Amino acid sequence: MLEIKDVNVSYGNVQVLWNLSMHVKDREALAILGANGAGKTSLLRTISGLNVPTSGEIRFQGENIVGVEPYKITQMGIAHVPEGRSLFPNMSVGENLVLGGNLSTPQQRAQTLEWVLSLFPKLEERYKQSAGSLSGGEQQMVALGRALMLKPKLLLLDEPSTGLAPIMLPVIFNAIESIKDEGLTVVVVEQHVQEAFKHVERAYIIENGRITIEGLPKDLENNPEVRRAYLGID
Ligand code: ATP
């Protein structure tokens, strides 16, 4: 559903993505892994139109999206949950969710809200509480729920486990599983490689702005370099 070909991205004179090519299949869960500063966030921002490549191609469901405005890319079906979640802490959970659905009619919004609350019942319990008063894991659910309010086809998640206790990791990944079960395609950037491997079908590793390794989790888990650099196993 997404094809990226020979993409180059720079911030001013500093190039951060180099001839990067990758693809995402319909309904798959894909992990993007890599060290700090490798270019993972830059890649997600490039897919959602926040960074414009200097060269290369990005096709979403066959349509070229290079240079398309970010809000139009969102309308085409790509939702991006940034690292840090960007919630409005003083607004209620419900208000944060409804803000995500501002592209649809009130009736569609109500239906989508019902769907999101059925996926994450915890959000229904917390509906009137201010988002800032929730635990980190619950706040991440709100961020996921808000993105789902856009009824996307492809969800981009930038380090959803940032700042969470390790015990919360399964909660986040179970939420990702539920989203996948709804027929969405998910691309997740994650530092917790071992946990990510349990829940994704395929992964790419980025180093210094280049894809260096691609494969199935079961193969990557046996790759000596992945074991040493990302799983901490000699
Ligand atoms: P992290 O895990 O730390 O978020 P990352 O893999 O997501 O890292 P990016 O945030 O994409 O990496 O950063 C890639 C490179 O681009 C880094 O060297 C970073 O310092 C640089 N960079 C990121 N944003 C900007 C910017 N707005 N201006 C200039 N350089 C930037």
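Start at 1 and go down the list; that is how both ligands and their atoms are numbered. All values reported here derive from a predicted model rather than from experimental measurement.
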Verify the distance criterion only: is there a donor paired with an acceptor across the side chains of Thr54 and Asn8 at less than 3.5 Å? no

message = Side chains of Asn36 and Gln191: any donor to acceptor distance under 3.5 Å?
response = yes

Give a yes or no on whether the backbone of [Y] and the side-chain of [X] come within a donor-acceptor separation of less than 3.5 Å.
X: Asn223; Y: Asp219; result: no
X: Asn64; Y: Arg59; result: no
X: Gln129; Y: Arg126; result: no

Check ligand 1 for N or O atoms under 3.5 Å from a protein N or O and list each pair with its distance.
residue  : atom   : partner : partner atom : Å
ligand 1 : 2 (O)  : Asn36   : OD1          : 3.3
ligand 1 : 2 (O)  : Lys40   : NZ           : 3.0
ligand 1 : 2 (O)  : Glu159  : OE2          : 3.2
ligand 1 : 2 (O)  : Gln191  : NE2          : 3.4
ligand 1 : 3 (O)  : Gly37   : N            : 3.4
ligand 1 : 6 (O)  : Ala38   : N            : 3.1
ligand 1 : 6 (O)  : Gly39   : N            : 2.8
ligand 1 : 6 (O)  : Lys40   : N            : 2.9
ligand 1 : 6 (O)  : Lys40   : NZ           : 2.8
ligand 1 : 7 (O)  : Thr41   : N            : 2.8
ligand 1 : 7 (O)  : Thr41   : OG1          : 2.8
ligand 1 : 8 (O)  : Gly37   : N            : 2.7
ligand 1 : 11 (O) : Ser42   : N            : 2.8
ligand 1 : 11 (O) : Ser42   : OG           : 2.5
ligand 1 : 12 (O) : Gly39   : N            : 3.1

Residues at least two apart in sequence or cross-chain that pass side chain to side chain donor-acceptor pair (under 3.5 Å) with Ser161, listed by chain then number, are Glu190, His192

